[in-house]
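Below you'll find the structure, written out as structure tokens, and then a few comments.
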Amino acid sequence: MFGFMDKSQVAAILNEIAVLLELKGENPFKSRAYINAARAIEGLTEPLEKVVAENRLDQIKGIGESIAQKITELVTTGKLAYYEELKASIPPGLIEMLEIPNLGPKRIKTLYDKLRIDSIEKLEKACKEGRVAILPGFGEKLQANILEGIQRARALASKHLLVEAWSVAEPILNELRNHPYITKCSVAGSLRRNKEVIGDIDFLVTSNKPKEVMEYFAGQPQVEKVLAMGETKASVLLQGGIQSDLRIVAEHEFPFALAYFTGSKEHNIVMRQRAIARSLRLNEYGLFRSKEETRDPSLLIPCKDETEIYERLGLHYIPPELREDHGEFEVAEKQPIPELVKYEDIKGSLHNHSTWSDGHQTLPEIVETMHAHGFKYWAITDHSKSAFQAGGLDVPTLKKQLAEIKKINQRLKEQGIDFMLLTGIEVDILKDGSLDLPDEILAELDVVIASVHSGFAGGEAEMTKRIIKAVQNPWVNILGHPTGRLLLKRDPYPVNIHAVIDACAETGTWIEFNCAPDRMDLDWRYWPFAKSKGVKCAIGIDAHSANDVIFLKLGVGTARKGWLTPSDVVNCLPIPQLLEALKQKRKRFNVA
DNA sequence: GCCGTTTTCGGCCCGACTGTTTTCAGTCG
């Protein structure tokens, strides 16, 4: 009996064991051994079941006798006694506490051993009573930082990354779509607008049997708790703590309700004002010939879709992503909104990792999966040597990788496969603005991304200077995730982004729109400015595994909020034009 | 817990930063 668990599930449990061991105060190298083993499993190029069946686990570097046994148990039985016991021996609150900045295994262990703190609530209380500050190794400042971290974590608890919201919403949306009593169906709210961070998930449907639909919705397996349920609206709490509202409207109300519940609030205010200016009234039930708030059907101006609503208010259609009152009305009054970039326009990703650094796919696996997805090229931009924790590449290793890529491309060409790997690097921008690898090696690469990964503490002036120095390097094609933010976790580092954009414009450097769900960086709010300066956008998945293609689907949605069109995005270029475009900066600097 | 031997135990990956100290521990990437 085999195949209870796949690679990523096994790796996840090994990683969790590592965390639990640390919390127990075990030898840190023991914990590290589990992390290494997890990585070895993820990097495996053949099926895990096969290796287990043939008893070859301990031949893998990083996996010894003990861990091999545990993996075998997991794969053959789907369970691991050692893991269950370990988990049972540690209060679950301790693991939660790891989420709070400045709290790691050591401090959490001290808090637990000395003060019996095993939950965030107890920790907050102890901080407020000043009992944490007097512990050895703790102090007033740390206590204040912990308290602040708790409050921050709480404020963000009701917010969710776009990818999380979609992964919860999509199966429910499909269920609703297929339901016999439901005729029309859509998500609304910030999810439909592709905001990078989502509050709750709004569903809107039309039905003649609202009661049955309500009950069906509340009975979905993902629903943890029903908060409210009436005739037209239900509110539930979904697994993972995301709140979701379902609204049911009549068929003829659907376009108005969709527009209304899609928002944004700011966008809706302008829409309603435009209605008033035309002696009309707009609300979620319709557009009415009336000076007063009303739902009187005899006053309704029928609209079959959102486009007609916009037209009635003297506007061209505005796609949901642009409904933020960020200049969309000024344009839509005069001309059609430009055709924004779509997922189907993207021919490849320019920022990706492989097993050569911290990615989970080998180069041949990347070729196979990304070609199958219909992409034409894929840049391999692993980390550079300073990114030690990510297994960054030094010059000799990078040269080996280049040789392998060359071989792979040769093979693809011989087989007549319309796909190629581009060589590249995500090179670290060091503290002084210099790069982590010498120009000579950068010159050999197709794509050079420069990114900041460390040293966030400097002030705005210092960081701005540092980044500008990096983009002035003739070999740097792309500035990677320019503000370094991690959504819901870490604010952007202080940087004068307008000055950076100017420097990119002057040097012919592209700016990345990084699609990692917690980055979405450069923020869509800055792209109209970048566009106005003529700066091109390189969309990067920052892919570490095959599943990350979903990031591109969502990332393009968020990039649309920045008014990006196919001509602004270099990944929309076919390969010959892209390769030519990549050489432009070098020509400008007279280095190629 | 793994690895690699100078074969049976000592080293394992590094640097910045912060806040705690009075020379360093813990966290984070």
Side-chain angles (χ1 to χ4, degrees), chain A residues 13-41 57-73 80 82-83 86 94 97-114 127 132-149 353 357-358 382-394 397 426 428-432 436 451-459 462-463 466 480-481 484-486 489-494 516 518-519 542 544:
Chain A
I13 288 179
L14 294 174
N15 278 321
E16 208 179 315
I17 291 174
V19 172
L20 294 167
L21 289 173
E22 275 201 88
L23 283 172
K24 273 207 116 141
E26 287 269 4
N27 176 1
F29 292 106
K30 184 170 167 180
S31 167
R32 174 72 43 80
Y34 278 91
I35 293 171
N36 290 340
R39 204 151 142 173
I41 290 297
L57 272 174
D58 56 2
Q59 287 170 26
I60 301 167
K61 196 170 171 335
I63 297 177
E65 194 186 342
S66 164
I67 293 186
Q69 246 173 41
K70 295 188 173 84
I71 294 173
T72 305
E73 190 179 334
L80 177 57
Y82 172 74
Y83 166 65
L86 192 60
L94 298 192
M97 284 160 67
L98 275 172
E99 296 289 314
I100 297 164
N102 299 310
L103 281 192
K106 293 273 169 54
R107 286 177 182 151
I108 289 174
K109 190 169 187 309
T110 306
L111 289 165
Y112 182 59
D113 290 346
K114 303 265 182 193
C127 283
V132 170
I134 53 176
L135 287 174
F138 288 73
E140 289 293 337
K141 209 145 187 178
L142 191 53
Q143 179 175 266
N145 283 343
I146 292 170
L147 208 47
E148 200 189 308
H353 298 272
S357 69
D358 61 349
D382 278 306
H383 289 283
S384 64
K385 62 185 196 306
S386 292
F388 211 94
Q389 74 286 349
L393 274 54
D394 57 11
T397 320
E426 182 184 17
D428 262 45
I429 300 175
L430 303 177
K431 193 129 197 231
D432 63 355
D436 191 29
S451 311
V452 171
H453 288 114
S454 59
F456 302 143
E462 195 186 328
M463 186 59 94
R466 175 180 171 194
H481 46 70
R485 71 175 178 188
L486 292 180
K489 250 190 285 181
R490 186 177 74 203
D491 286 335
Y493 38 68
D518 56 351
R519 291 195 184 271
D542 208 343
H544 288 73

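The structure presented is a predicted model; accordingly, all values stated were derived computationally and were not measured. Residue numbering restarts at 1 for every chain, and letters A, B, ... go by the order of the sequence lines.
Remark: the separation of the C1' atoms in dC17(B) and dT7(B) is 42 Å, to the nearest Å. If you take atom C1' in dC14(B) and the same atom in dC9(B), they sit 24 Å apart, rounded to whole Å. Nucleotides dC2(B) and dC13(B) have their P atoms positioned 15 Å apart, rounded to a whole Å. Across dT18(B) and dT23(B), the matching P atoms stand 22 Å from one another, rounded to whole Å. A distance of about 23 Å separates the P atoms of dG1(B) and dT5(B), rounded to the whole Å. Going from the P atom of dA25(B) to that of dT20(B) covers 16 Å, rounded to whole Å. Nucleotides dG26(B) and dT21(B) have their C1' atoms positioned 13 Å apart, rounded to a whole Å. The gap from the P atom of dT6(B) to that of dC12(B) amounts to 16 Å, rounded to the nearest Å.
Exactly one of Y34(A), Y82(A), Y83(A) qualifies for a side-chain hydrogen bond (donor to acceptor under 3.5 Å, both in side chains) with K70(A). That residue is Y34(A).
Checked against side chain to side chain contact (heavy atoms under 4.5 Å, CB included), A33(A) has no partners two or more places apart in sequence or in another chain. The side-chain hydrogen bond (donor to acceptor under 3.5 Å, both in side chains) check on K114(A) picks up nothing, with sequence neighbours excluded. Evaluation of the side chain to side chain contact (heavy atoms under 4.5 Å, CB included) rule for K385(A) yields D394(A), D436(A), L437(A) as partners, not counting sequence neighbours. Considering only residues two or more places apart in sequence or on other chains, D58(A) meets the salt bridge (charged side-chain N to carboxylate O under 4.0 Å, His left out) condition with none of them. Under the side-chain hydrogen bond (donor to acceptor under 3.5 Å, both in side chains) criterion, N27(A) pairs with no residue, sequence neighbours left out. D432(A) pairs by the salt bridge (charged side-chain N to carboxylate O under 4.0 Å, His left out) definition with nothing, not counting sequence neighbours.
Sorted by first and then second residue, the salt bridge (Lys or Arg N to Asp or Glu O under 4.0 Å) pairs with a member in residues 20-35 of chain A read E26(A)-K30(A); sequence neighbours excluded.
The shortest non-hydrogen separation linking S386(A) to D428(A) is CB-OD2, 4.0 Å. Considering all non-hydrogen atoms of both residues, G480(A) and S451(A) come closest at CA-OG, 3.5 Å. Nearest heavy-atom pair, H383(A) versus A390(A), reported as atom, atom and distance to 0.1 Å: CD2-CB, 3.5 Å. Considering every non-hydrogen atom in both M97(A) and L103(A), the closest pair reads O-CB, 3.8 Å.
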Give me, pair by pair, the N or O atoms of the protein and of nucleotides 14-16 of chain B that are less than 3.5 Å apart, along with how far apart they are.
none

Polar-atom pairs under 3.5 Å, protein N or O versus N or O of nucleotides 25-27 of chain B: list them with distances, or write none.
from, atom 1, to, atom 2, distance (Å)
dT27(B), OP1, G104(A), N, 2.5
dT27(B), OP1, G104(A), O, 2.9
dT27(B), OP1, R107(A), N, 3.1
dT27(B), OP2, K106(A), N, 3.4

Please write out the pairs of protein N or O atoms and N or O atoms of nucleotides 1-3 of chain B separated by less than 3.5 Å, giving the distance to one decimal.
from, atom 1, to, atom 2, distance (Å)
dG1(B), OP2, K30(A), NZ, 3.4
dG1(B), O6, N27(A), ND2, 2.9
dC2(B), OP1, G64(A), N, 2.8
dC2(B), OP1, G64(A), O, 3.3
dC2(B), OP1, I67(A), N, 3.1
dC3(B), OP1, G62(A), N, 2.6

Polar atom pairs (N or O), protein with nucleotides 5-7 of chain B, under 3.5 Å:
none

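In this structure, I134(A) places its CD1 atom 12 Å from P of dT21(B), rounding to the nearest Å. The interatomic distance linking I146(A) (CD1) with dC28(B) (P) rounds to 11 Å, in whole Å. With rounding to whole Å, E462(A) atom CD is found 13 Å from dC17(B) atom C1'. Atom P of nucleotide dG29(B) and atom NE2 of H453(A) are separated by 12 Å, given to the nearest angstrom. For the pair D518(A) CG and dG29(B) C1', the interatomic distance rounds to 13 Å; values are reported in whole Å. The interatomic distance linking H383(A) (NE2) with dG29(B) (C1') rounds to 10 Å, in whole Å.
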Sequence neighbours excluded and cut-off under 3.5 Å, please list the side-chain donor-acceptor pairs for residues 136-146 of chain A, or say none.
from, atom 1, to, atom 2, distance (Å)
Q143(A), OE1, V132(A), N, 3.2
Q143(A), OE1, A133(A), N, 2.8
Q143(A), NE2, C127(A), O, 3.3

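dT7(B): glycosidic angle within 90° of 0, hence syn.
Note that CD1 of I63(A) is 7.5 Å distant from CG of L14(A), once rounded to the nearest 0.5 Å.
Contact annotation: the side chain of L23(A) never approaches that of K109(A) to less than 4.5 Å [non-hydrogen atoms, C-beta and beyond].
Side-chain N/O atoms of R490(A) include one lying less than 4.0 angstrom from OP1 or OP2 on dG29(B).
Among the heavy atoms of the strands, none lies under 4.0 Å from Q143(A).
dT8(B) is unpaired under the criterion used here, namely a Watson-Crick or G-U wobble arrangement in which both key atom distances are under 3.5 Å.
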